[in-house]
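Heads up: the structure comes next, in structure tokens.
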Amino acid sequence: MAEQIRNIKGTKDLLPSESRLWLETESIIHNFMSLHGYSLVRTPIFEKTELFSRSIGQETDIVNKEMYTWTDLDGSSLTLRPELTASVVRSYIQNHLGNQSPLQRMYYIDSSFRRERPQKGRQRQFTQFGVEAIGSSTPEQDVEIILIASRIYQMLGIEDLEININSIGSSDSRSKYSEALVDFLRGHEKELSDISQTRLNKNPLRILDSKSEKDIKILEDAPLISDYLNKDDSRNFDQILTLLDDLGITTIKNPKLVRGLDYYNGMTFEILSNNIGAQSALCGGGRYDKLVEYLGGKSTPAVGFAAGLERLILLLKEKENSLISNYADIYIISLDEKAIPYSFSIADKLRNKLGIKVVCETLRRSMKAQLREANKNNSKFTIIVGEDEIKSNKVIIKNMEDGNQINASIDDIENHFGVDYEYK
Ligand code: AMP
């Protein structure tokens, strides 16, 4: 036998046993976004490397060591996208979307690629569902974004979530805070991790994103951004919190939730789950008013979030889930070869006239095996077609839930499902 070729570490196949749950989830997200007036945007899977090094930042783990980057035949450096915000903003600028409307509400469901160490909930190719609203700087726009993020989980029946929220204020407030942070960290310089020591001089705020245990311990006593917000920043943050409160969305103020990149400002938030192990971050987002300008567009305020779909699916799989549907509501059992054309014709009518999911047996198994298949698939009904039935122009319809059977004429079989069984 030839040697098997396996997939690449950190990537996964979406198998038929799971694809239904994915499709259902994605379809709920598409409908949900449409309810909120957001439109899908789809950008290419690879971009110029510079787009990400400029937007995500040279000193981040993503750009330093996690990107899949290669030199193309013409010498240009290209990269598989590690996230989508940069691509969406590039597209917004390039296609002059700001001229079409003062506010663009967009969302995406697409793959991202990061060369991280794979574990439960962390892959090298993963899927992000994200939302970006480009053009508004109001607190209600921030609230709309958090509302979408929180309601989508609620709608899918995910409980035990924690929404952390913070404001990192305007650049003015942040530079004052940055000075205080540097003053504090200078006292611990030698104990900081190597990378944080470098960042202390280049971009101290980024130290707050550090994953090093040593750094996290030191940061416990560091000054908090919340003490450095100016009046406008505080008022804006209060408005966001009040509106969220009015909507019944519970948040936890977390003054340590800070993003160290220059183009972030104002509100940041993160949604965590206690039920999926170490990789508990489901969704992260916030305001990034400087990014459009940073990438060569006109100064335009923006806010958004990105959520990991694999982690959401992990949570959905742990529940007894009504989203996991069967592949056929009606399974048609053929008892012998002569029954096949009848079975196919009945299935064809039921699918096309009534829109019912119907599957016919094509393995020619025994009746017992076919019934077992229908049970395993949670089919609601089986239709049994055999020689006797054909002779009398009748089939048996079996209700798989209560075991009741009736005889039905082949010619008006649709009526049984259209009317009696209230399928629609
Ligand atoms: P980030 O862009 O790092 O803020 O990521 C946004 C969301 O994407 C996170 O909250 C996770 O749910 C998800 N995510 C990030 N990296 C990965 C990964 N390597 N594998 C699976 N999901 C991820």
Side-chain angles (χ1 to χ4, degrees), residues 7-14 18 22 25-26 29 43 45 47 51-53 55-57 59-68 79-89 107-132 145-146 148-150 152-153 156 158 160-166 168 206 208-211 254 256-261 263-264 267-288 291 302-318:
N7 67 327
I8 292 162
K9 190 175 161 192
T11 66
K12 269 195 181 158
D13 301 315
L14 176 57
E18 250 186 53
W22 273 82
T25 309
E26 286 177 19
I29 293 175
T43 59
I45 213 162
E47 300 268 3
L51 176 67
F52 305 114
S53 50
S55 63
I56 300 170
E59 285 150 56
T60 52
D61 282 352
I62 294 182
V63 171
N64 275 347
K65 49 185 194 201
E66 292 173 1
M67 294 203 307
Y68 287 96
T79 291
L80 288 183
R81 61 180 174 219
E83 53 116 62
L84 279 104
T85 301
S87 303
V88 172
V89 170
Y107 76 99
Y108 55 82
I109 304 179
D110 261 320
S111 301
S112 291
F113 305 83
R114 295 182 196 171
R115 202 176 192 292
E116 294 191 85
R117 198 168 46 79
Q119 63 177 91
K120 185 180 175 195
R122 190 162 72 196
Q123 293 172 201
R124 291 183 169 177
Q125 176 177 351
F126 58 101
T127 317
Q128 285 187 323
F129 153 53
V131 173
E132 319 285 1
I145 291 292
I146 301 173
I148 290 171
S150 88
I152 196 92
Y153 292 109
L156 290 163
I158 309 280
D160 274 348
L161 293 183
E162 203 178 288
I163 308 178
N164 285 309
I165 189 166
N166 191 26
I168 55 172
R206 218 166 278 172
L208 297 164
D209 294 334
S210 171
K211 294 189 183 98
N254 176 357
K256 294 222 166 89
L257 186 63
V258 175
R259 298 189 166 222
L261 298 176
Y263 56 82
Y264 282 113
M267 184 278 294
T268 58
F269 77 105
E270 189 170 57
I271 301 185
L272 305 171
S273 160
N274 298 319
N275 300 327
I276 44 168
Q279 299 305 314
S280 61
L282 286 181
C283 163
R287 188 160 269 292
Y288 51 92
L291 184 58
V303 56
F305 72 76
L309 229 57
E310 281 76 9
R311 293 183 194 177
L312 169 60
I313 298 279
L314 274 177
L315 284 168
L316 290 174
K317 278 202 303 195
E318 271 163 26

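Remember, it's 1-based here, ligands and their atoms both numbered in the order they're listed.
Interatomic distance, CD1 of Ile152 versus OG1 of Thr25, reported as 9.5 Å (0.5 Å rounding). To the nearest 0.5 Å, atoms CZ (Phe269) and SG (Cys283) are separated by 4.5 Å. For the atom pair CG of Leu312 and OG1 of Thr127, the computed distance is 10.5 Å after rounding to the nearest 0.5 Å.
Of all protein heavy atoms, the one lying nearest to atom 19 (N) of ligand 1 is Glu116 OE2, 2.6 Å. Looking only at protein heavy atoms, the nearest one to atom 12 (O) of ligand 1 is Ala281 O, 2.9 Å. Shortest contact from atom 5 (O) of ligand 1 to any protein heavy atom: Gln128 NE2, 3.5 Å. With hydrogens left out, the protein atom closest to atom 20 (N) of ligand 1 is Gln123 N, 3.0 Å, a heavy atom. In terms of protein heavy-atom proximity, atom 4 (O) of ligand 1 is closest to Arg259 NH2, 4.3 Å. Scanning the protein for heavy atoms near atom 21 (C) of ligand 1, the closest one is Gly121 O, 3.2 Å.
Side-chain contact between Leu309 and Ile29: present, with at least one pair of heavy atoms (C-beta onward) separated by less than 4.5 Å.
For the pair Ala307 and ligand 1, the shortest N or O to N or O distance does not fall below 3.5 Å. For ligand 1, one of its N or O atoms has an N or O atom of Leu282 under 3.5 Å away. For ligand 1, one of its N or O atoms has an N or O atom of Gly308 under 3.5 Å away.
Compare Phe113, Phe126, Phe305 by their heavy atoms: the one nearest to atom 23 (C) of ligand 1 is in Phe126. Counting only non-hydrogen atoms, the option in Arg114, Glu66, Glu270, Glu83 that gets closest to atom 1 (P) of ligand 1 is Arg114.
Side-chain polar atoms of Gln125 and Thr11 form no donor-acceptor pair below 3.5 angstrom.
Considering every non-hydrogen atom in both Asn166 and Lys256, the closest pair reads ND2-N, 4.4 Å. The two residues Gln123 and Glu310 make their nearest non-hydrogen contact at OE1-CG, 3.5 Å. When all heavy atoms are compared, the tightest approach of Phe52 to Glu83 is CE2-O, 4.0 Å.
Neither the backbone nor the side chain of Ser112 has any atom closer than 4.0 Å to an atom of ligand 1 (non-hydrogen atoms only). Both the backbone and the side chain of Arg122 come within 4.0 Å of ligand 1, judged by heavy-atom distances.
Listed for the Arg122 side chain is no donor-acceptor partner under 3.5 Å among the backbone atoms of Gly10.
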